[in-house]
Engineer: 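Below is a structure I'd like to ask you about.
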Amino acid sequence: MKESYFPQEIEKKWQAVWEENKAFHTPDNSDKPKYYALSMFPYPSGKLHMGHVRNYTITDVIARFKKMQGYNVLHPIGWDSFGLPAENAAMQHGADPAKWTDENIAYMTKQLKMLGLSYDWEREVTTCKPDYYKWTQWLFIQLFKKGLAYKKEAAVNWCDHCGTVLANEQVIDGKCWRCDSVVEKKYLSQWFFKITDYAERLLEDLDKLKDWGDNVKTMQANWIGKSKGAIFRFKVKEVEGLEVPVYTTRPDTVHGITYLVVAPEYKDIEKLTTPENKQAVEEYRANARKMSEIERLSTERVKTGVPLGTHCINPFTGEEFPLWTADYALVEYGTGAVMAVPTHDTRDFDFAKKYNLPIKVVIQDPKNPSDCKDAAYTEEGVLVNSNEFNGMKNTEAKEAITQKAVDGGFGEFKTQYRLRDWLISRHRYWGAPIPVVYCDKCGIVPEKEENLPVMLPTDVDFSVVGKSPITTSKTFAETTCPICGGKARREMDTMDTFVCSSWYYLRYSDAKNDKMPFSKELVDKWLPVDQYVGGIEHAILHLLYSRFFTKALKDLGLLSFDEPFKNLLTQGMVLKDGSKMSKSKGNTVDPDEIFENYGADTARLFILSDSPPARDFDWSDAGVEGCYKFLNRVWRLVSDN
Ligand code: ANZ
Ligand code: ZN
């Protein structure tokens, strides 16, 4: 044994031995109990950053520990390798996204090996390779056949900077999750996954996830956003046969309605507008279209609106009240129309004040009744001015009033979710092509399974502006219809990369299968993942989508469990000087330099020793130095004896 500690030598030596002996190869057949340790797979951006180092070191330690405890440990790695950066690099430098990606993967693979991670490299998956995206496409077709993938014209989130649509989950506070630009609305025909069919199960099953942090579960629950209330339908006085339905969580306030608001994009708004009001309404709507979601929802902004000129009749009281349009009513939520009760809702109160609309108190605190002249009363109380419901507690009146609407045929009980369907089509090149064709005779037809993968064309021009490079291919669009054999056109959109990452953890169980995405036997053997480790930024996006995929694939009979990740650890961030390491702040530490100067073990030790895995962690050069000295001491202790 050498007298001094030369990590660069000793680490290389053992890494070569591990590689030669396939020390981390995981057999599918073993008498030992299984354990599946998984890190969120990286995007091959070019180089590892310290966040990666922390994530993978934590999982590696768990994997090695479980192995020593006698488990047959699956600890795989792969690449989430479709997506915008490769395409942008191609557009800026004329590089081929495939080549750019391959080079990055090669470099980062070297780094992962240098870090001494105990991966079974034989199970490596790369989402941009045809042997993987073939199965992403195959899964799309199964979802399509089940009615869980569909196409519709919709107002979608548009990021002009990225030149792409975004799923709702990718819009954070009205801004693009990737570049922080303000997101606009656009009307486009797009593909969706029907995640809303699973809203209730996604919510309920959170209870089963005993070893997930409460914060992630709460974030998912809020995102799914279940609320209980009622739908009431109001007849329109001026238009025979037309009704406006509203969704409310406060049926107890129905006798206090003094006006009704529809969203500027409400489908019947033109029928509801009188000729005298037409011009003002048109102008208001044009303005609303130009505004971003973030502006519209801002709580600081004064609420605006215009009257439509028509009226609704309250079926409970016979009272008439005016119809307005205002942009605080959102077209995608509930029915797109709101019954306004200024006395008991703050938003409605501000609006009524501004436009001098009447107010009517219907809930009061019996000990301290308010006339609601200065502010809305939003607490619990007892009903007043509410006919036969007077004197009832408002919490009880909710059900009684809704029941009256049900009996009278003008309403029903309604549970509502905030969750929207997942928009998965992207107008981009570097993604898995959506495997459908359009035939004039047969309509939208999925590609024949034996023709998969629908390959990404390579004869494309990356310098085009304002459209997807895929549209420049001379060979891609034209095809034949899988049903009638006639001429047909291919779908030009590709899938959101979050589709690829929604099932990669399943593929590791059977990474080389070329007959199926995975065999049922192996997927049921290895899954669910026993310990998943990754960033909190995926609390909603990736983790919700993966849970949805697992449930949908279970319903398709492809697997037998309904939650993919038993334990979840969201590791904290790596900070430097108190703020997150980022290129733009110029406070990054390059893992390569640490490996070169101190060796990977120092990096691993330091990143684990300084704070608990879930907490943020402050990088310090003195800390690295300290760990290095410690390892030197350990070395001497062994070599001296
Ligand atoms: C009358 C009412 C009276 C309301 C009251 C609240 C308080 P959550 O809990 O988030 O589900 N609403 C319904 N549809 C809307 C839409 N498309 N755009 C904007 N607001 C909408 O919210 C439900 C409440 O949000 C509903 O209950 C409705 O206002 C409003 F004292 O109805 B409420
Ligand atoms: Zn056809």
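We use all heavy atoms of the structure for the numbers below, so side chains are in, but hydrogens, waters and symmetry mates are not. Everything quoted here is computed from the prediction, not taken from an experiment. Note that ligands are numbered from 1 as they come in the structure, with each ligand's atoms numbered from 1 the same way.
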Engineer: Do K175 and D180 sit within salt-bridge range, that is, some charged N less than 4.0 Å from a carboxylate O?
Structural biologist: no
Engineer: With side chain to side chain donor-acceptor pair (under 3.5 Å) as the rule and sequence neighbours excluded, what pairs involving residues 344-361 come up?
Structural biologist: E319-K360, Y328-D348
Engineer: Could I get the full list of side-chain contact (heavy atoms from CB on, under 4.5 Å) partners for K235, not counting sequence neighbours?
Structural biologist: E243
Engineer: Could you check R547 against Q220 for side-chain hydrogen bond (donor to acceptor under 3.5 Å, both in side chains), going step by step and ending with a plain yes or no?
Structural biologist: CA-CA 11 Å; R547 295 182 62 225; Q220 290 210 359; 2.7 Å; yes
Engineer: For each nitrogen or oxygen atom of ligand 1, which protein N/O atoms lie closer than 3.5 Å, and how far apart are they, rounded to 0.1 Å?
Structural biologist:
unit_1   : atom_1 : unit_2 : atom_2 : d
ligand 1 : 11 (O) : S227   : OG     : 3.0
ligand 1 : 11 (O) : Y333   : OH     : 2.5
ligand 1 : 17 (N) : L330   : O      : 2.8
ligand 1 : 17 (N) : Y333   : O      : 2.9
ligand 1 : 18 (N) : L330   : N      : 2.9
ligand 1 : 20 (N) : R347   : NH2    : 3.2
ligand 1 : 27 (O) : T248   : OG1    : 3.4
ligand 1 : 27 (O) : T249   : N      : 3.1
ligand 1 : 27 (O) : T249   : OG1    : 3.2
ligand 1 : 32 (O) : T248   : OG1    : 2.7

Engineer: Can you check side-chain contact (heavy atoms from CB on, under 4.5 Å) on Y545 and S501, steps first, answer last?
Structural biologist: CA-CA 9 Å; Y545 295 150; S501 58; over 6 Å; no
Engineer: Which residue pairs pass the side chain to side chain donor-acceptor pair (under 3.5 Å) test with at least one member in residues 399-417, sequence neighbours excluded?
Structural biologist: E200-Y417, R233-E412, E388-K404, Q403-D407
